[in-house]
Undergrad: 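Can you read through this structure? Questions will come right after.
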Amino acid sequence: MSPTDRFRDIRARLAGRLELGWSTEITRYGLRRDLSVPFEPPAAKIPISIRPLVTADLGPLLGAADSSADVAEKREAAVRRAFSAKGSGRGFVAVDERNGTPCYVQWLFGAKDNSFVEKMKGFPVLEPLQALLENAYTPLNYRGLGIMSAAMALIAERADDVGADEVLTFVQTDNIASLKGCQRAGFNPVMLHHSKRGAFGLTRQDSFEHFMANDQRRHARF
Ligand SMILES: CC(C)(COP(=O)(O)OP(=O)(O)OC[C@H]1O[C@@H](n2cnc3c(N)ncnc32)[C@H](O)[C@@H]1OP(=O)(O)O)[C@@H](O)C(=O)NCCC(=O)NCCS
């Protein structure tokens, strides 16, 4: 990455820190898909297939956000680039079958990745048969085509490869597009993650509120 691009990413991520302010609370749903329950993956509005992420995919995936005027979009791109640079193992992309362009990315972790997951902060320690799907991203020009739900449903099934029979994912309670995408991909809420951030994100306190079996929030529709 060129020094200019590195500076652009640092600036975008610092802006995110500043937005957190002196004290804030972030609430995320933890959603779960049980892989032993048969589930028909939804189809996207374009033909897609899934394959592992390679570094060359990051340009086409994140380029539109980099040149967008929207600061939040620039930050989404910077966060994923930083995440990929940290060597987070199993990234998957969906590819637009019509032209081979990568059109969705998401990372899968198993219990063996717990030390990396712990470093990401804000996630429970994965149990031996659990996997985690994180950092979903659809490029601006591919949004609204049902790609997230179709791709996430397929990538979740790759959790088999890490020996998991259930998959978790976490989404902020106000990210309706992502919550809808997760639910269409077979995920339903099982907990809330409360994260108190202080001093522009430099301090944090995380707690997980697991829903009882009869908790109506398990049946929330987004
Ligand atoms: C969240 C995201 C991955 C969804 O990608 P996508 O491929 O466009 O998702 P889908 O096309 O499957 O759309 C999901 C649903 O959300 C809806 N949706 C899209 N934007 C929305 C918005 N701003 N408000 C409410 N619903 C919205 C879509 O209409 C669709 O529902 P519908 O089928 O009932 O119309 C994409 O918006 C994104 O990359 N956002 C930035 C990064 C992010 O938030 N990642 C998730 C982190 S948990």
Side-chain angles (χ1 to χ4, degrees), residues 9 12-13 15-16 19-20 26-33 39-50 53 57-84 88 91-98 101-109 117 120-124 131-156 167-195 206 208 220-222:
D9 282 4
R13 294 173 68 205
E19 256 178 44
L20 287 176
I26 293 171
T27 310
R28 301 190 304 170
Y29 278 110
L31 303 100
R32 170 181 175 269
R33 175 166 158 200
F39 180 78
E40 186 66 37
K45 291 180 185 153
I46 60 165
I48 59 163
S49 59
I50 301 299
L53 168 78
D57 294 325
L58 293 174
L61 280 166
L62 306 175
D66 289 337
S67 44
S68 136
D70 186 332
V71 177
E73 283 301 335
K74 285 186 195 297
R75 185 161 64 243
E76 296 289 353
V79 164
R80 270 118 192 128
R81 230 177 338 258
F83 193 68
S84 175
S88 40
F92 287 91
V93 289
V95 172
D96 177 347
E97 285 284 277
R98 300 167 305 176
T101 306
C103 58
Y104 179 80
V105 64
Q106 197 164 28
W107 282 264
L108 177 72
F109 301 91
V117 171
M120 290 199 287
K121 296 195 176 69
F123 296 96
L132 173 71
L133 264 179
E134 263 311 303
N135 263 330
Y137 184 80
T138 305
L140 285 166
N141 49 327
Y142 276 104
R143 291 201 187 151
L145 297 175
I147 293 174
M148 177 183 184
S149 33
M152 186 174 185
L154 295 172
I155 296 170
V167 189
L168 298 175
T169 193
F170 288 82
V171 180
Q172 271 187 227
T173 50
D174 60 357
N175 191 343
I176 301 299
S178 183
L179 288 167
K180 280 186 174 186
C182 291
Q183 204 149 47
R184 293 234 168 102
F187 288 75
N188 283 301
V190 290
M191 68 180 105
L192 277 180
H193 166 218
H194 302 280
S195 186
D206 294 291
F208 296 92
R221 303 303 304 169
F222 303 109

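Order of listing sets the numbers, starting from 1, for every ligand and every atom in it.
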Undergrad: Just checking, any donor-acceptor pair under 3.5 angstrom between side chains of N188 and Q183?
TA: yes
Undergrad: Under a 3.5 Å cutoff, is there a donor and acceptor pairing between the side chains of E97 and S49?
TA: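 On atom types as modelled, these side chains qualify, holding a pair under 3.5 Å.
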Undergrad: Could you please spell out the steps behind the side chain to side chain contact (heavy atoms under 4.5 Å, CB included) verdict for F187 and V167?
TA: CA-CA 8 Å; F187 288 75; V167 189; 3.9 Å; yes
Undergrad: Is the charged tip of R98 near the ring of Y142: under 6.0 Å from the six-membered ring centre and within 45° of its axis?
TA: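 Not flagged: R98 not positioned over aromatic ring of Y142.
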Undergrad: Does a donor on one side chain and an acceptor on the other come within less than 3.5 Å for T101 and D96?
TA: no
Undergrad: Got the residues with a heavy atom under 4.0 Å of ligand 1, by chain and number?
TA: E76, R80, A136, Y137, T138, R143, G144, L145, G146, I147, M148, S149, F170, V171, N175, I176, A177, S178, K180, R184
Undergrad: F208 vs H193 aromatic rings, parallel, tilted or perpendicular, using cut-offs 30° and 60°?
TA: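 Parallel: the ring planes of F208 and H193 meet at under 30°.
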